[in-house]
Structure formats: structure tokens, C-alpha cells
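Encoded as C-alpha cells, the structure appears first; notes follow it.
What you are looking at is a predicted structure, and each value in this text was computed from that prediction instead of being measured.
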Amino acid sequence: VGDLKILAQSTFRKGFLRLITVGGHVLSNPEDSLQAAGVQDGEHLTAVVQQPQVATSRTAFALWCCGCNGVVTWGHPRHGGNSSA
């Protein structure tokens, strides 16, 4: 799954995307083989490009992508640069 996602990102020149099976299952574990993820030989997959969002303060930044399970932050912890909570 991970190698396929990297190939799709390179092909479409988009860093933020999700791969989805015909049945609507999101391939989310990059460690899974395609077989373990339930993908059948010859099955079509859909690549959904996601638009990342950036929020900033004077000394911190946050990156979030619709549909993702997390936020990446950096900068001064007291001004929003700490997402460990």
C-alpha cells in the first residue's frame, strides 16, 4: 500500500491523497500488502487528492488536511506549536 501511494503521489504530483477501493475502503496502512488490504488483482482504485490547510500565529504553524487523522505543528509551543495533547 505504501509503495502504491508513493507511486500515485509521484504520478499525480500531489503529496496529499488517499487511495480508495471500489468498495469504499480507504487504504490507510502503508505497511499492508495490497492482498492484506483486500485489493483484488485487476481492481480499480480511486485516488482522492486532498487540499492541505495551514494556520499560522506569529511564531507557530499548523498543517491539517481534510480527512486526515492529525495535525502537524511546529514553532513556539506556547503559541500553538505543540500538538502533543
Side-chain angles (χ1 to χ4, degrees):
V1 171
D3 290 343
L4 181 61
K5 186 170 182 179
I6 290 169
L7 179 62
Q9 289 169 326
S10 175
T11 300
F12 297 121
R13 297 183 182 159
K14 299 292 181 183
F16 296 94
L17 57 80
R18 288 190 168 215
L19 297 174
I20 303 173
T21 66
V22 172
H25 175 71
V26 177
L27 302 180
S28 58
N29 185 353
E31 301 297 319
D32 279 351
S33 68
L34 293 176
Q35 185 178 21
V39 177
Q40 302 296 316
D41 188 30
E43 182 176 348
H44 291 203
L45 299 175
T46 300
V48 177
V49 176
Q50 300 172 295
Q51 182 64 40
Q53 302 292 319
V54 176
T56 66
S57 69
R58 186 177 285 200
T59 59
F61 303 87
L63 175 69
W64 174 78
C65 197
C66 181
C68 287
N69 296 330
V71 174
V72 177
T73 61
W74 62 98
H76 196 286
R78 293 178 65 195
H79 297 172
N82 182 353
S83 60
S84 63

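The two residues Glu43 and Thr21 come nearest to each other via the heavy atoms OE2-CB, 3.4 Å. Across all their heavy atoms, His76 and Ala60 have their closest contact at O-CB, 3.9 Å. Pairing each heavy atom of Gly15 with each of Gln9, the nearest pair is O-NE2, 2.7 Å. Counting all heavy atoms, side chain and backbone alike, Val26 lies closest to Arg18 at CG1-NH1, 3.7 Å. Scanning all heavy atoms of the two residues, the minimum distance from Leu34 to Val1 falls at CD2-CG2, 4.0 Å.
With hydrogens and angles disregarded, a donor-acceptor distance shorter than 3.5 Å links the side chain of Thr11 to the backbone of Leu7.
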(message) Between Val72 and Phe61, is the side chain to side chain contact (heavy atoms under 4.5 Å, CB included) condition met? List the steps.
(response) CA-CA 8 Å; Val72 177; Phe61 303 87; over 6 Å; no

(message) Could you go through Leu27 and Ile20, starting from their C-alpha distance and side-chain angles, then the distance that decides it, and tell me whether this counts as side chain to side chain contact (heavy atoms under 4.5 Å, CB included)?
(response) CA-CA 6 Å; Leu27 302 180; Ile20 303 173; over 6 Å; no

(message) Applying side chain to side chain contact (heavy atoms under 4.5 Å, CB included) to Thr73 and Leu63, what does each step give before you reach the verdict?
(response) CA-CA 6 Å; Thr73 61; Leu63 175 69; over 6 Å; no

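Placement of Leu4 and Phe12 within a single hydrophobic cluster is found when ILVMFWY residues are connected by side-chain heavy-atom separations under 4.5 Å, directly or transitively.
A distance of 11.0 Å separates CG in Asn29 from NZ in Lys5, rounded to the nearest 0.5 Å. Taking OG1 of Thr59 as the reference point, atom CH2 of Trp74 lies at 13.0 Å (rounded to 0.5 Å).
Residues Val48 and Phe16 are not in side-chain contact: their nearest non-hydrogen atoms beyond the backbone lie 4.5 Å or more apart. Under the 4.5 Å side-chain criterion, counting only non-hydrogen atoms from C-beta, Leu19 is not in contact with Val39.
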